[in-house]
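Reviewing the structure listed below.
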Amino acid sequence: MQRSIVDALKNRAIEPQAVVALIEQRTSLISVLGEVNTPNRFPANAAGERVLDSITRAGGPKGQGFDTWVMLERDGKRTTVPFGQLVYEPKSNIYAHPGDTIYVYREPQTFVAFGASGAQGQFNFEAWRISLAEAVAKAGGLNDSSADPASVFVYRGELPEVAAKLGVDVSKYSGPIIPVVYNINFRDPAGYFLATRFQLRNKDVLYASNAASVEDAKVMQQIRLVTATVNDPIVAAYNATLLRNSIKLAP
């Protein structure tokens, strides 16, 4: 560029000189958008910068870190990770490249609990990660009168390579996600230690099964209802007959 300018000025000036300074290179811009304090496009740092550095240059995330996700778009491809993963797992905090788009957004991580738990419904993690033990506690623990501590299940979709390592025959499934059910036995003391190390994931489903005695009680209740439905008219008719006979015998 400098030589081209000098050559163009040779016929107009004696021994022309030109100094070229790069003020802004638009082809090296990084865009940081979404739930940040100062959404902006800025030139990539010549010394290199990581994704967290780019987010910091945009003022940092607006909300709580555990509710924040970061999506990186590069060369037409996208990947999304929790903001906490960039903070607590440095290997995930990769270098940003010129032309990257970083989108920061908020979406609470949740899990669903139902069955014989103390409370049922959808619950927020309110943290970057929570263990299965913490999730059970958030759902009010196990119902003492109905839950079977040996039958606590987590329903989750796993990638085929993970499911294969767990011994699942992935050839039966054609999709990219394999449904997997994990069982935790809280009757076994080792189950408690396992539950503290088993990390729940966003959108997991936690189910606490009823104890066998509760299921037996339900069956007996159904039998009682059926029996009562049949017997009640007979008893009512018998009582009515006794009443009529009593009236006839009365002086």
Side-chain angles (χ1 to χ4, degrees), residues 24 26 28-115 117-141 154-159 162 176-177 180 182 195-208:
E24 181 177 353
R26 293 187 177 274
S28 66
L29 294 179
I30 296 174
S31 301
V32 183
L33 311 171
E35 290 290 316
V36 290
N37 289 296
T38 313
N40 202 355
R41 298 181 68 200
F42 41 78
N45 193 324
E49 64 182 87
R50 298 184 182 271
V51 173
L52 278 181
D53 298 326
S54 298
I55 295 174
T56 301
R57 290 174 69 182
K62 288 183 179 179
Q64 297 285 351
F66 56 75
D67 280 346
T68 302
W69 296 75
V70 178
M71 183 183 72
L72 173 65
E73 182 176 351
R74 175 182 297 170
D75 298 329
K77 299 179 181 180
R78 295 179 178 178
T79 186
T80 302
V81 296
F83 179 77
Q85 184 172 333
L86 301 180
V87 176
Y88 296 110
E89 296 181 2
K91 64 180 181 180
S92 298
N93 186 26
I94 62 175
Y95 280 98
H97 290 180
D100 281 355
T101 297
I102 300 171
Y103 179 63
V104 181
Y105 65 97
R106 296 178 64 187
E107 180 182 320
Q109 297 188 83
T110 63
F111 70 94
V112 174
F114 66 100
S117 56
Q120 302 182 24
Q122 187 179 70
F123 300 87
N124 291 341
F125 280 20
E126 296 180 340
W128 173 47
R129 283 180 174 176
I130 64 171
S131 67
L132 173 59
E134 292 170 323
V136 172
K138 273 184 171 290
V154 175
Y155 296 81
R156 172 185 296 171
E158 294 283 15
L159 294 174
V162 175
I177 299 298
V180 176
Y182 296 91
T196 61
R197 299 179 59 186
F198 187 94
Q199 299 294 326
L200 222 64
R201 292 185 190 166
N202 189 33
K203 308 306 180 185
D204 274 354
V205 175
L206 173 63
Y207 174 70

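When a residue number appears, it is its place in the shown sequence, counting from 1.
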Original post:
Parallel under 30°, tilted from 30 to 60°, perpendicular over 60°: which one fits the rings of Phe125 and Phe111?
Top reply: tilted

Subject >> Results of salt bridge (Lys or Arg N to Asp or Glu O under 4.0 Å) for Arg197 - residues two or more places apart only >> reply: none

Subject >> Qualifying residues under salt bridge (Lys or Arg N to Asp or Glu O under 4.0 Å), relative to Arg106, sequence neighbours excluded >> reply: none

Subject >> Interatomic spacing from CG in Leu29 to CG in Asp100 - rounded to 0.5 Å >> reply: 11.5 Å

Original post:
Is there a side chain to side chain contact (heavy atoms under 4.5 Å, CB included) between Tyr105 and Thr80 once you walk through the steps?
Top reply: CA-CA 10 Å; Tyr105 65 97; Thr80 302; 3.3 Å; yes

**OP:** May I have the step-by-step check of side chain to side chain contact (heavy atoms under 4.5 Å, CB included) for Leu72 and Ile94, ending in yes or no?
**Re:** CA-CA 10 Å; Leu72 173 65; Ile94 62 175; 3.8 Å; yes

**OP:** May I have the step-by-step check of side chain to side chain contact (heavy atoms under 4.5 Å, CB included) for Trp69 and Gln109, ending in yes or no?
**Re:** CA-CA 10 Å; Trp69 296 75; Gln109 297 188 83; 3.6 Å; yes

Original post:
Which pairs, with at least one residue in residues 52-63 and sequence neighbours excluded, count as a side chain to side chain donor-acceptor pair (under 3.5 Å)?
Top reply: Glu49-Ser54, Glu49-Arg57

**OP:** Please lay out, stage by stage, how Phe198 and Val154 fare under the test side chain to side chain contact (heavy atoms under 4.5 Å, CB included).
**Re:** CA-CA 10 Å; Phe198 187 94; Val154 175; 4.2 Å; yes

Subject >> Backbone of Glu126 reached by a side-chain donor or acceptor of Asn124 within 3.5 Å >> reply: no

Subject >> Pairs where residues 199-208 contributes a residue and the test side chain to side chain donor-acceptor pair (under 3.5 Å) is met, not counting sequence neighbours >> reply: Thr110-Lys203, Arg156-Asp204, Glu158-Arg201

**OP:** Could you pull out the closest heavy-atom pair between Val104 and Pro61, with the gap in Å?
**Re:** CG1-CB, 4.5 Å

Original post:
Do you know the tightest heavy-atom contact between Pro82 and Trp128?
Top reply: CB-NE1, 3.2 Å

Subject >> Closest contact, heavy atoms only, Asn93 versus Val51 >> reply: OD1-N, 3.3 Å

**OP:** List for me each residue that meets salt bridge (Lys or Arg N to Asp or Glu O under 4.0 Å) alongside Glu134, sequence neighbours excluded, and say none if there are none.
**Re:** none

Original post:
For Glu107, what residues pass the salt bridge (Lys or Arg N to Asp or Glu O under 4.0 Å) criterion, not counting sequence neighbours?
Top reply: none

**OP:** Going by the side chain to side chain contact (heavy atoms under 4.5 Å, CB included) test, name the single residue among Asn40, Thr38, Leu33, Val32 that passes it with Val36.
**Re:** Val32

**OP:** Rounded to the nearest 0.5 Å, what's the gap from CZ on Arg50 to CD1 on Ile55? Could you check?
**Re:** 13.5 Å

**OP:** Identify the heavy atoms of Ala127 and Ile130 that sit nearest to each other, and give their distance.
**Re:** CB-CG2, 4.0 Å

**OP:** Measure the spacing between CZ of Arg74 and OG1 of Thr101 and express it to the nearest 0.5 Å.
**Re:** 10.5 Å

**OP:** List the atom of Gly34, the atom of Tyr103, and the distance in Å for their closest heavy-atom pair.
**Re:** CA-CE1, 3.6 Å

Subject >> Approximate separation, where rounding is to 0.5 Å, of Asp67 CG and Glu35 CD >> reply: 11.0 Å

**OP:** Find the distance between NE2 (His97) and OG (Ser28) and round it off to the nearest 0.5 Å.
**Re:** 13.0 Å

Subject >> Closest non-hydrogen atom pair, Ile30 against Ala96 >> reply: CD1-CB, 3.8 Å

Original post:
Does atom OH of Tyr155 have more than 12 heavy-atom neighbours, drawn from other residues, nucleotides or ligands, at distances under 6.0 Å?
Top reply: yes

